[in-house]
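Right, one structure below, let's go through it.
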Amino acid sequence: HVNRHVRAAAIAVVEQLIYAAGNDQTYWPYLENGALRTTCIKILKAGLADNWSQVRMAASVLNRVFWSTLQETCQFPQENLELLYPVLVPRMCLNRFYLAQGVKLYSHQTWKLVFPENGVQVVAQ
């Protein structure tokens with residue numbers, strides 16, 4: 001959508017969908033390799049690179065919820081998570097150096113949560 005407020009609000013809706021799906025095992029297949037995962041990846045790809053910091057921040061929150069749901073709640077295997085690396089890791093990396101402080105700090109914290117010990121190795125892949 002052309003309006004940044006609509007984009008940010010839509011990202012917040014997807015965030016709640018991810019959160020809800022993670023809390024009900026019957027929906028985990030949608031997160032593991034289904035339409036919800038595919039849609040979320042497309043939204044994160046665009047949102048983490050948006051020109052508006054408001055949209056980037058909303059996408060950063062969605063990104064953290066997405067990773068924590070897949071890693072901690074659903075506990076999907078590492079091989080499943082590594083499929084996300086080519087699309088999400090470069091954007092996550094760059095947002096750690098974004099001009100807006102909120103996005104930058106939040107992205108640093110997310111990076112530490114998602115890759116507590118192997119961040120350098122993930123980037124090297």
Same cluster (ILVMFWY, side-chain, under 4.5 Å), Tyr85 and Leu83: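 No; tracing contacts between hydrophobic side chains, which count when under 4.5 Å, never links both residues.
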
Single-linkage hydrophobic cluster Val87~Val114, side-chain heavy atoms < 4.5 angstrom: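 Same cluster: Val87 reaches Val114 through Ile, Leu, Val, Met, Phe, Trp or Tyr contacts under 4.5 Å.
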
Shortest non-hydrogen contact between Glu15 and Val61, atoms and distance: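 Minimum heavy-atom separation between Glu15 and Val61: OE1-CG1, 3.4 Å.
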
According to side chain to side chain contact (heavy atoms under 4.5 Å, CB included), who are the partners of [X], at least two apart in sequence or on a separate chain?
X	value
Ala100	Ser53, Tyr98, Val103
Asp24	Thr26, Tyr27
Gln101	Lys104, Leu105
Gln25	Trp28

Test item: [X] and [Y] side chains (from C-beta on) under 4.5 Å apart, heavy atoms:
X	Y	answer
Leu70	Leu84	yes
Phe66	Ile41	yes
Ser68	Thr73	no

If I take atom [atom1] from residue [X] and atom [atom2] from residue [Y], how far apart are they, to the nearest 0.5 angstrom?
X	Y	atom1	atom2	answer
Glu32	Cys74	CD	SG	8.5 Å
Ile11	Gln16	CD1	CD	13.5 Å
Leu62	Leu48	CG	CG	8.0 Å
Met57	Ser107	CE	OG	7.5 Å
Leu31	Phe76	CG	CZ	5.5 Å
Leu81	Gln75	CG	CD	10.5 Å

Can you list the residues that meet the side-chain hydrogen bond (donor to acceptor under 3.5 Å, both in side chains) rule with [X], with sequence neighbours excluded?
X	value
Tyr19	none
Trp67	Asn63
Glu79	none
Asn80	Arg37

Between [X] and [Y], is there a donor-acceptor pair closer than 3.5 Å when you use the side chain of the first and the backbone of the second?
X	Y	answer
Gln54	Ala8	no
His1	Val6	no
Thr39	Leu36	no

Pair listing, salt bridge (Lys or Arg N to Asp or Glu O under 4.0 Å) test, anchored in residues 43-70, at least two apart: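 Listed by first then second residue: Arg7-Asp50.
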
Partner residues of Trp111 under the ring-ring contact (aromatic ring centres under 6.0 Å, His included) criterion, sequence neighbours left out: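 By the ring-ring contact (aromatic ring centres under 6.0 Å, His included) rule, Trp111 matches Phe115.
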
Expected list for residues 118-125: side-chain donor-acceptor pairs under 3.5 angstrom, two or more places apart:
none

Gln78, CD: over 12 other non-hydrogen atoms inside 6.0 angstrom: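 Yes, the 6.0 Å shell around CD holds more than 12 heavy atoms from other groups.
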
Other residues, nucleotides, ligands: >12 heavy atoms within 6.0 Å of Asn51 CG: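 It does not: Asn51 CG has 12 such atoms or fewer within range.
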
